[in-house]
Peer 1: 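Take this structure first; my questions come after.
Heavy atoms only: backbone and side chains are in, while hydrogens, waters and symmetry mates are out.
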Amino acid sequence: MTPAKKARLWIIQFLSFLLIFSAFYLLLPEVYLFERYSDRAGFITEQNWNDLFMVSVLCASVIINTLLIFVVARLRKKHV
């Protein structure tokens with residue numbers, strides 16, 4: 001695989017991560033989740049909530065993107 005193909009593949013994978021991350025960040029009901037979490041765990045500062053929410057969104061995005069890349073790679077391998 002040439003360096004240009006590797007770079008193109010990396011960019012495609014990054015863009016898929018960015019799309020998944022943006023979708024999670026925009027579509028998750030943050031206020032609802034904050035209320036549910038604070039009802040169960042008690043008082044939480046806004047900074048701690050922001051840290052927790054961002055880490056959760058990042059981790060979920062990484063996991064979904066990894067699964068997407070794995071599935072696409074398996075499908076490509078079957079067709080080759």
Side-chain angles (χ1 to χ4, degrees):
M1 187 179 285
T2 65
K5 284 185 181 179
K6 287 182 182 180
R8 192 174 334 127
L9 186 61
W10 185 88
I11 289 172
I12 290 168
Q13 292 170 350
F14 174 74
L15 290 176
S16 71
F17 169 77
L18 190 61
L19 180 69
I20 293 167
F21 173 80
S22 299
F24 273 141
Y25 193 76
L26 293 173
L27 299 177
L28 281 176
E30 184 177 0
V31 174
Y32 173 76
L33 293 173
F34 174 75
E35 290 170 357
R36 297 274 301 178
Y37 185 82
S38 61
D39 285 345
R40 290 183 180 208
F43 178 76
I44 183 170
T45 65
E46 185 177 345
Q47 184 61 42
N48 287 342
W49 169 252
N50 288 337
D51 292 344
L52 179 66
F53 183 72
M54 185 59 70
V55 167
S56 300
V57 169
L58 282 169
C59 289
S61 300
V62 166
I63 290 169
I64 298 296
N65 194 46
T66 302
L67 292 173
L68 177 69
I69 291 169
F70 178 76
V71 167
V72 169
R74 293 278 283 204
L75 291 174
R76 287 189 69 198
K77 188 175 181 179
K78 283 185 180 181
H79 290 292
V80 173

Peer 1: How many angstroms lie between CG in Leu75 and NZ in Lys78, if you round to the nearest 0.5 Å?
Peer 2: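 The CG atom of Leu75 sits 6.5 Å away from the NZ atom of Lys78.
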Peer 1: Hydrophobic clustering (ILVMFWY, side-chain heavy atoms < 4.5 Å, transitive) - are Phe14 and Ile64 grouped together?
Peer 2: no
Peer 1: Which residue pairs pass the side chain to side chain donor-acceptor pair (under 3.5 Å) test when at least one of the two sits in residues 6-30, sequence neighbours left out?
Peer 2: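 Qualifying pairs, neighbours excluded: Ser16-Asn65, Glu30-Trp49.
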Peer 1: Just wondering, do Asn50 and Phe34 contact through their side chains at under 4.5 Å, heavy atoms?
Peer 2: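 Result no, sub-4.5 Å side-chain heavy-atom pair not found.
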Peer 1: Compare all side-chain heavy atoms of Thr45 with those of Phe43 and state whether any distance is below 4.5 angstrom.
Peer 2: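 Result yes, sub-4.5 Å side-chain heavy-atom pair found.
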Peer 1: So which atom in Ser61 and which in Phe21 form the shortest heavy-atom distance, rounded to 0.1 Å?
Peer 2: OG-CA, 3.2 Å
Peer 1: Do Val72 and Leu18 land in one hydrophobic cluster if side-chain heavy atoms of ILVMFWY residues count as linked below 4.5 Å?
Peer 2: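 No.
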Peer 1: Any chance you could measure Ile12, atom CD1, to Ile69, atom CD1, to the nearest 0.5 Å?
Peer 2: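 So the gap between those two atoms works out to 10.5 Å.
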Peer 1: Between Leu52 and Leu58, is there shared hydrophobic-cluster membership here, with clusters defined by ILVMFWY side-chain heavy atoms closer than 4.5 Å?
Peer 2: yes
Peer 1: When you group the ILVMFWY residues by side-chain heavy-atom contacts below 4.5 Å and let the links chain together, are Ile63 and Phe53 in the same group?
Peer 2: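 The answer is no; the residues belong to distinct hydrophobic clusters.
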Peer 1: With side chain to side chain contact (heavy atoms under 4.5 Å, CB included) as the test, would you mind laying out the steps for Phe70 and Thr66 before giving the verdict?
Peer 2: CA-CA 6 Å; Phe70 178 76; Thr66 302; 5.5 Å; no
Peer 1: Once rounded to the nearest 0.5 Å, what's the spacing between atom CZ of Phe24 and atom CG of Leu19?
Peer 2: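 CG of Leu19 is found 11.0 Å from CZ of Phe24.
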Peer 1: Is Leu68 reachable from Leu9 through a run of hydrophobic residues whose side-chain heavy atoms are each under 4.5 Å from the next?
Peer 2: no
